[in-house]
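Note on naming: letters A, B, ... go to the chains in the order of the sequence lines (proteins, then strands), and numbering restarts at 1 for each one.
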Amino acid sequence: MFIIDTISNFAKSVIIKKIYMEYNFNEIEKKWQKYWKKNKTYKTEIDHSKPKHYVLDMFPYPSGAGLHVGHPLGYIASDIYARYKKQRGFNILHPMGYDAFGLPAEQYAIQTGQHPEKTTKKNISRYREQLDRIGFSYDWDRQICTCDPKYYKWTQWTFIKLYKYYFNNVTQKAEPISDLISKFERSGNLDVDAASDPIHEFTAVGWRKADEREKQEILMKYRLAYLSETMVNWCPKLGTVLANDEVKEGYSVRGGYPVVRKKMNQWFLRVTAYAERLLRGLDKIDWQDNLKEIQRNWIGKSEGATIFFKIKDSEHSIEVFTTRPDTVFGATFMVLAPEHELIKEICTEDYKQNVNEYIEQSFKRSERERMAETKSVTGQFTGAYCEHPFTKEAIPIYVADYVLAGYGTGAIMSVPAHDSRDHLFAKKFNIPIKKVVDGPDIEDESYDGTEGTMINSDFINNMDVNTAIKTVTEKLENSNLGKYKVNYRIRDAIFSRQRYWGEPFPVYYKEGIPYVLDEKELPLELPKVDKYLPTESGDPPLARAKNWKTKDGYPLDFNTMPGFAGSSAYYIRYMDPQNDKEPVSKEAVEYWRDVDMYVGGAEHATGHLVYARFWNKFLYDIGVVVEDEPFKKLINQGMIQGRSNFVYRIKGTNKFVSYNLKKNHDTIPVHVDVNIVDSDILDVEAFKKWNPEYKDAEFILEDGKYICGWEVEKMSKSYHNVVNPDDLIDKYGADTLRVYEMFLGPIEQAKPWDTNGLEGAFRFIKRFWRIFHDEKGNLDVSSEKANKEELKLLHKTIKKVNEDIEKFAFNTAISTFMTLLNKLYELNCNKEEVLKPFVVMLSPFAPHISEELWCKLGHSNSVVFAEYPKYDENYIEDDSVVYPVSFNGKMRFKLEVDAGTEQEEIKKLVMEDEKSKKWIEGKDVKKIIVVPGKIVNVVV
RNA sequence: GCGGAUGUGGCGGAAUUGGUAGACGCGCUAGACUUAGGAUCUAGUGCCGCAAGGCGUGGGGGUUCGACUCCCUCCAUCCGCACCA
């Protein structure tokens with residue numbers, strides 16, 4: 001007790017000190033973080049006596065802005081899971097690293113001339129500081145960093161392998177190019193069924209006659225990493241080419257700069273070769289269904305047929321792909337994509353000018369424009385006709401940009417009666433519409449369905465659609481007019497970037513022909529350049545490097561690899577990060593195998609998660625890894641949204657009106673820094689200081705307070721709603737932050753951040769601390785045996801928490817802890833028999849306080865190594881059951897009976913009960929339903 | 001347009017397999033201890049109603065003794081893909 005008769009700062013500081021004496025999270029957290037580091041508590045080694053469990057976070061790009069509270073959400077979840085699994089007897093691999101190549105550092109380098117490595121290193125150490133304060137159980141000795149030459153050596157190594165392998169469609173796996181060469185030498189490419197660019201057939205003689213350049217050109221069409229000229233998404237502002245998924249609505253995803261289409265020579269990865277395996281692999285892995293669906297969509301498999309339409313008065317034919325070969329008799333015109341190579345050849349003199357103009361026009365239209373006009377169709381007749389494969393009728397050929405060059409064959413047979421876009425086109429150009437599937441009227445709208453029988457269709461008349469598809473396809477194959485075909489929407493990934501801050505290609509050019517370096521020469525390190533910009537002649541920044549040549553003097557490639565190169569196989573390097581002889585040792589990969597639990601953002605659904613699966617499958621084929629799929633289970637954490645606060649400025653003044661009074665004024669909402677708002681009440685003085693503009697601001701208050709409005713938005717600097725974890729840790733401690741982030745709601749769901757709620761988690765942690773102590777702050781734990789009720793509570797908690805952690809439902813696990821703690825206070829229970837297992841259970845969530853209490857309870861080893869409490873169902877058996885008794889489904893009262901009471905007996909008890917009378921009065925009891933252990937329902 | 005998800009108090013969210021809707025927490029109200037409290041504790045808190053009671057899980061309909069949960073339909077919000085032949 002202390003008596004203070006005047007208010008003084010001294011008194012306050014004494015009181016604050018007292019609170020800190022109770023639970024000084026600052027000191028405790030620092031102490032244990034130091035302990036973990038010193039004792040290498042989280043060091044992981046291969047241990048064949050234990051089952052392995054690999055828990056992985058998507059590694060971050062270390063941006064200059066540091067972490068906000070949304071970033072660690074997934075890390076906290078996976079950390080809890082990893083710590084829990086460890087206490088359950090697993091040997092845990094739980095590493096962290098950095099995806100360190102990337103545009104922002106390079107942009108910064110362009111602006112300041114500072115080497116991106118320098119900024120990257122600085123950002124990494126800032127990230128590390130922030131991560132360390134949250135108390136993660138990473139084995140930092142395994143840290144990797146994609147921009148480290150020791151790491152990217154293996155990215156380059158894999159590229160060389162991809163270059164030296166092709167995909168055999170028959171075996172459905174990657175095989176060495178050298179095997180392909182021996183096949184060519186034996187019998188040309190006649191017997192080869194491999195993933196390749198379009199290629200003409202050649203014989204063994206043809207192969208042997210070819211010179212080096214021709215041979216290399218042929219091989220290039222088969223390699224899994226290949227150089228090819230294509231239309232690319234060129235971003236002039238960034239001076240680089242972007243992959244399709246890096247472009248959104250005609251603008252770059254990073255930076256938001258315009259993107260145009262341009263023809264260039266680029267490195268590609270033949271991802272399409274693995275399309276079927278990428279698709280089938282999804283059935284074997286435990287990912288959220290919506291995510292698998294996105295990937296299926298992305299791969300875009302469709303079955304159908306290719307059909308050749310012979311062009312009149314020409315050698316050529318047009319190959320089309322269709323999923324509806326049954327409608328072939330309804331094809332009344334053909335459409336080629338503007339990029340189609342045959343257009344120039346077949347176009348007649350009369351139409352040449354119009355066609356050329358149309359093509360030019362459509363090239364000019366950006367992706368965005370093309371998308372905006374999906375309702376209208378444009379096109380141009382070429383003057384040419386082709387022949388229907390069965391009826392031999394003449395069919396006009398059009399060019400139109402609703403047909404995409406990159407999908408199927410870039411040409412379609414148009415069946416206006418049964419395809420809505422074709423219908424639109426036919427109407428516009430007055431082309432006949434021929435109905436071939438019996439069904440709804442097709443005058444105003446096409447009938448795209450597959451219910452109905454064939455009409456006007458020669459040999460398939462009266463068949464149903466599915467039989468017709470089969471019959472037509474067979475006929476096409478038998479008469480060499482076409483064949484069965486599976487088509488995929490997924491495209492090969494462009495792998496070159498005209499940037500500096502990425503992995504250099506281990507490629508040199510000899511007489512213009514590309515060759516890869518010998519593996520022994522890796523890593524090929526990034527050279528120094530004077531500027532991080534393209535050269536005056538438009539070459540990428542690497543062209544500025546002095547002596548950018550092999551030791552024999554051949555020029556090296558100027559491109560660097562894209563962001564997904566370094567992130568595609570990082571999980572493998574964590575298994576054996578220091579190995580400089582091979583990507584991963586046999587022993588390590590055979591022990592750790594694959595990632596058991598992968599946690600990260602859903603924004604990588606189509607990028608990283610497709611490329612990494614592709615990359616892994618290739619490494620599997622060449623025997624580097626032992627699992628075909630890299631990520632067995634995957635959880636997407638939802639975004640944490642910001643909760644913005646607003647003040648309402650009366651138009652044309654510097655006067656602000658409180659939220660509930662604003663309707664009386666003409667106001668504009670202004671974002672205000674959430675850090676000067678508490679429970680939506682504005683700190684008026686802080687507001688005045690916040691921005692010089694507001695230093696003379698006036699306020700119209702309500703109840704003496706200024707109430708702010710609020711809205712859920714993205715967490716962003718520009719909305720002034722960013723909350724920094726460091727500030728919260730200073731104020732509440734890391735354990736509170738961890739508990740609160742998990743308590744917020746289901747991990748997969750997007751949810752708004754609200755700092756006010758943090759108090760609840762803080763109270764829980766403080767109450768947890770206090771139950772171990774007396775008023776003086778001394779440890780006070782009873783060694784008395786726990787009674788039946790207490791044990792029942794404990795074991796119910798163990799059961800529920802186990803179930804919840806296994807399914808990543810941390811929010812309900814925490815509320816279970818809160819309930820247990822509340823009950824223990826009610827029961828006045830501070831018995832070690834209950835509290836000890838409680839500490840162990842809570843330690844994955846709040847590791848620092850748990851370590852401290854564990855230590856205080858007399859343990860010399862870290863709680864990390866403690867055994868997880870075992871659930872015993874004998875403790876939770878009840879002697880009696882409380883039945884909710886409902887009448888017509890509405891619960892009216894509760895009835896306690898002994899466990900094991902017969903149903904008939906329960907019915908009798910209910911009917912005899914005083915409280916029942918009121919509800920039965922004047923009505924007939926029709927039926928009584930007793931669900932054992934659950935409920936009684938009386939139907940009246 | 002196609003595909004997917006979500007909709008529950010003032011707020012974040014619970015609810016096993018169809019069986020007590022609103023656990024747990026925030027906020028709020030009242031009180032206790034206090035010179036004081038951004039500490040702690042106690043009680044209350046879905047809505048309407050003095051009460052008895054009634055109404056309540058986006059709207060409407062259905063199945064069932066019983067529906068947040070299953071079925072049909074409509075609406076809203078979010079995400080992914082976007083002329084995919």
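- Residue pairs meeting the side-chain hydrogen bond (donor to acceptor under 3.5 Å, both in side chains) criterion with at least one member in residues 737-751 of chain A, sequence neighbours excluded, are A:Asp79-A:Arg738.
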Requested in this report: Kindly express the pairing pattern of RNA chain B in dot-bracket notation, using | wherever a base pairs with another strand and counting only Watson-Crick or G-U pairs under 3.5 Å.
Outcome: (((((((..(((......[....)))((((((.......))))))(((....)))..(((((..]....))))))))))))....
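- Between the NZ atom of A:Lys796 and the P atom of B:rC24 there is a distance of 14 Å, rounded to whole Å.
- Both A:Gly408 and A:Asn290 sit near RNA chain B, but only A:Asn290 has its closest nucleotide nearer the 5' end.
- Residue pairs meeting the salt bridge (Lys or Arg N to Asp or Glu O under 4.0 Å) criterion with at least one member in residues 319-333 of chain A, sequence neighbours excluded, are A:Arg324-A:Asp326.
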**Report entry** Per-nucleotide protein contact string for nucleotides 7-21 of chain B, where B marks a base within reach and S marks sugar-phosphate only (heavy atoms under 4.0 Å, - for neither)
**Finding:** -----BSS----BB-
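- Mapped onto RNA chain B by nearest heavy atom, A:Lys927 and A:Asp419 fall at different nucleotides, with A:Lys927 at the one closer to the 5' end.
- For B:rC84, neither phosphate oxygen OP1 nor OP2 lies less than 4.0 angstrom from any side-chain nitrogen or oxygen of A:Arg491.
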Close N/O contacts between protein and nucleotides 40-43 of chain B (under 3.5 Å):
unit_1, atom_1, unit_2, atom_2, d
B:rU40, OP1, A:Lys766, NZ, 3.3
B:rC41, OP1, A:Arg767, NH1, 2.7

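- Look at A:Arg892 and you won't find any side-chain N or O under 4.0 angstrom from OP1 or OP2 of B:rA52.
- A:Ser644 and A:Glu711 share no side-chain donor-acceptor pair at under 3.5 Å.
- Applying the side chain to side chain donor-acceptor pair (under 3.5 Å) test to A:Thr272 and every residue at least two apart in sequence or in another chain returns A:Asp492.
- In this structure, the CE atom of A:Met413 is 12 Å from the P atom of B:rA85, given to the nearest Å.
- Remark: A:Tyr871 pairs with no residue by the side chain to side chain donor-acceptor pair (under 3.5 Å) rule, at least two apart or across chains.
- Applying the side chain to side chain donor-acceptor pair (under 3.5 Å) rule to A:Lys800 yields the partners A:Asp804; only residues at least two apart in sequence or on another chain are considered.
- Taking the six-membered ring for Trp, A:Phe768 and A:Phe838 have ring centres closer than 6.0 Å.
- Classification of B:rG9 as syn follows from a glycosidic angle within 90° of 0.
- With P as the reference atom, B:rG19 and B:rU69 are 11 Å apart, rounded to whole Å.
- Screening residues 931-940 of chain A for side-chain hydrogen bond (donor to acceptor under 3.5 Å, both in side chains) gives A:Ser886-A:Asn937 as the qualifying pairs, with residues at least two apart or on separate chains.
- Take A:Tyr883 and apply the ring pair (Phe, Tyr, Trp, His ring centres under 6.0 Å) test, not counting sequence neighbours, and it matches no residue.
- Proximity note for A:Asn822 (side chain, C-beta onward) versus B:rC83, B:rG38, B:rG25: the nearest is B:rG25.
- In this view, A:Asn830 and A:Asp780, A:Ser782, A:Leu835 satisfy the side chain to side chain contact (heavy atoms under 4.5 Å, CB included) rule, not counting sequence neighbours.
- For A:Pro396, the side chain to side chain contact (heavy atoms under 4.5 Å, CB included) partners are A:Phe333, A:Phe381, A:Tyr385, A:Tyr398, not counting sequence neighbours.
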